[in-house]
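Within every chain, numbering begins at 1; the chains are lettered A, B, ... in the order of the sequence lines, protein sequences first and strands thereafter. As the structure is a computational prediction, the values presented were derived from the model and not from experiment.
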Amino acid sequence: MEVTLEFCGGAETAHNRGEKFLTFKSENKEPKVSDIFAQVRRKKLIDDIDALIESDKDVKPGVLVLINDADWELFNEAEYQVCKNDRITFVSTLHGG
Amino acid sequence: MPRKICENCNERAACVLRYDRSILCRECFCRVFEEEVHQTITKYELFKPGQKVAIGASGGKDSAVLMQVMKILNERYNYGLTLYLLSIDEGISGYRDHSLEEVKFHSNNYGLELKILSYKDLYNWSMDEIVAVAGRKSNCTFCGVFRRQALDRGAWQLGVDIVATGHNGDDVAETVLMNMLRGDVGRLSRCTAITTADDPSGIPRVKPLKYQYEAEIVKYARHSKVRYFSTECTYAPGAHRGHIREYLRAATKIRPHVVLDIIKAGESFEVKDGVKLPIKSRCTRCDYISSQPVCKACLLLEGLNTGRPLLGIGKTKEGRVKKYKTIKIESGEKCGKTDDCCSKEKEKKCEINDDEIETCGNPAAGLQAKDLEKLSIAAEASDLF
């Protein structure tokens, strides 16, 4: 399944020095977010993965995850079953204002 | 998974889970956020009708959201304020020059007059130049002290009555923790104040976003489509506040209410009788309020201008960045002047001045210039960077 990750609010620096989007094919047919995280780490799909993702279940404190613009906590976080055309967004809050 | 419904309107799909566990849709969340800031403004009487207000604008998320919310509330509730934008250019290339572009955009977008003041113009030193001579350990001290004075100057030039800054709840909580760790009792008792005025006859500063969570400011910006610049300050990595920030983030994840609780604790601090606090007086040079005969800004500037960049940072009495050389001393060599001379040591670390090359500074040693070949001069790396 094709998966799109979006990087905002400073999170762009974690991936390919400023790219906003990353699209790839998931290994599972029906991946959960945790599967996506595991795949990203295993295949090194993001340059500085530790800046965003702490483990398969968690992101770094201060990083927000949105699924189709809604907080992922509303969807059981990493347990969420990703659907076709879902957009997973990382937003960093870790910078001066 | 079916989408949860907003608890406020019971109609639209929820997209925000707030720190207090409430679940709201985009429209309701933005409205609730704005109303909370309105509550803060009215409860603490931050503004009076007819006032001119300068919004400290960096182009970053906090001041961008503050701008939008102030404009909305000023119109919605007829605050009767005239709003301006005041921006300080510290001279940090790759960071501030880009964020100022955002401020110019906002100025045009919201139709607000913008004033930009630079450290270079005010002090003849940009932050880049300061870091080059003073190193990266204390640069935030320079920046903070200079910025406060720059804001005052800019506000005075604009002719405003009050300055509003985008400090959020996380910022205030971090500052409480930092002052706690430093044992800075004076600051601890003041740092949660929502209104601050360094100088009683000066221009007060207020923090309308004081009770707003940083994460929610980001969510508001996203859902309300507020543009902002989002890169970390070039000199931020390694800054002390960063460690505190990490700790606070981790604590917030476990118990979201922690930010407001720390602020509440900070607001409740009272200094015991008998505890020595700095006495407010005036700087003998610039007349700014100061607890010392010479205020921090004057002291830092003097240090920069006389080749003693750490004057006022407290590293050394003379304010110089320390340089050392290591001298290997042949055993048996004695200067002969005292019994206790340095030949008893195999190696001696001697402090040197920039212009000092002939001796190690120990007058008893009597090393000759030819011994310089044996010397290795090493800047004390930790002092510089």
Side-chain angles (χ1 to χ4, degrees), chain A residues 5-20 30-34 47-48 50-55 57-97, chain B residues 1-5 13-18 21 23-26 29 56-66 92 95-96 99 165-168 170-171 209 213-219 221-223 228-233 236 239 241-242 245-254 256:
Chain A
L5 303 182
E6 185 189 9
F7 304 92
C8 286
E12 301 91 324
T13 53
H15 172 60
N16 280 345
R17 287 157 294 269
E19 288 278 306
K20 261 214 95 157
E30 290 172 353
K32 288 188 185 170
V33 175
S34 54
D47 288 337
D48 185 5
D50 292 314
L52 298 176
I53 299 172
E54 240 176 29
S55 72
K57 307 273 179 194
D58 261 318
V59 285
K60 194 172 157 178
V63 175
L64 307 177
V65 184
L66 308 178
I67 297 171
N68 302 326
D69 259 355
D71 293 346
W72 76 332
E73 291 91 342
L74 296 170
F75 300 110
N76 239 343
E77 298 189 18
E79 290 298 303
Y80 172 71
Q81 195 79 45
V82 183
C83 306
K84 197 175 161 198
N85 295 327
D86 273 346
R87 196 178 66 239
I88 302 172
T89 311
F90 294 93
V91 189
S92 173
T93 69
L94 303 165
H95 48 79
Chain B
M1 185 186 281
R3 286 282 286 266
K4 295 195 166 94
I5 298 296
C15 66
V16 175
L17 174 69
R18 295 200 70 200
R21 319 305 298 168
I23 297 169
L24 300 174
C25 67
R26 169 194 306 254
F29 168 70
S58 64
K61 60 188 186 338
D62 300 314
S63 54
V65 164
L66 178 63
I92 301 174
Y95 172 67
R96 190 52 79 210
S99 73
T165 56
H167 289 94
N168 58 54
D170 294 58
D171 291 331
L209 301 181
Y213 274 70
E214 185 164 40
E216 299 207 341
I217 286 175
V218 172
K219 290 181 191 181
R222 186 170 175 97
H223 293 307
Y228 63 90
F229 180 74
S230 57
T231 300
E232 228 185 356
C233 173
R241 186 174 280 265
R245 180 167 278 199
E246 261 185 55
Y247 169 72
L248 188 66
R249 288 275 181 301
T252 307
K253 209 164 178 181
I254 300 168

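For B:H223, the part lying under 4.5 angstrom from a heavy atom of chain A is the side chain only. Only the side chain of B:I23 comes within less than 4.5 Å of a heavy atom in chain A; its backbone stays farther off. Only the side chain of B:V218 comes within contact range of chain A, with at least one heavy atom under 4.5 Å from a heavy atom of that chain. Contact annotation for B:R26: only side-chain heavy atoms (C-beta onward) come within less than 4.5 Å of a heavy atom of chain A.
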- Trace of the side-chain contact (heavy atoms from CB on, under 4.5 Å) decision for A:F75 with B:K4: CA-CA 9 Å; A:F75 300 110; B:K4 295 195 166 94; over 6 Å; no
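The salt bridge (charged side-chain N to carboxylate O under 4.0 Å, His left out) search around A:E6 returns A:K20, A:R87, B:R222, not counting sequence neighbours. Residues satisfying the salt bridge (charged side-chain N to carboxylate O under 4.0 Å, His left out) criterion with B:E246, sequence neighbours excluded, are absent altogether.
Between A:A70 and B:A14, the shortest heavy-atom distance links the atoms CB-O, 4.1 Å. Summarising the geometry of B:K253 relative to A:P61, their closest heavy-atom pair is CD-CG, 4.3 Å, with the distance given to 0.1 Å.
With a 6.0 Å radius and a threshold of 12 heavy atoms from other residues, nucleotides or ligands, A:E30 has its CD atom at or below the threshold.
None of A:T93, A:D69, A:D71 except one satisfies the side-chain contact (heavy atoms from CB on, under 4.5 Å) rule with B:K219; the exception is A:D71.
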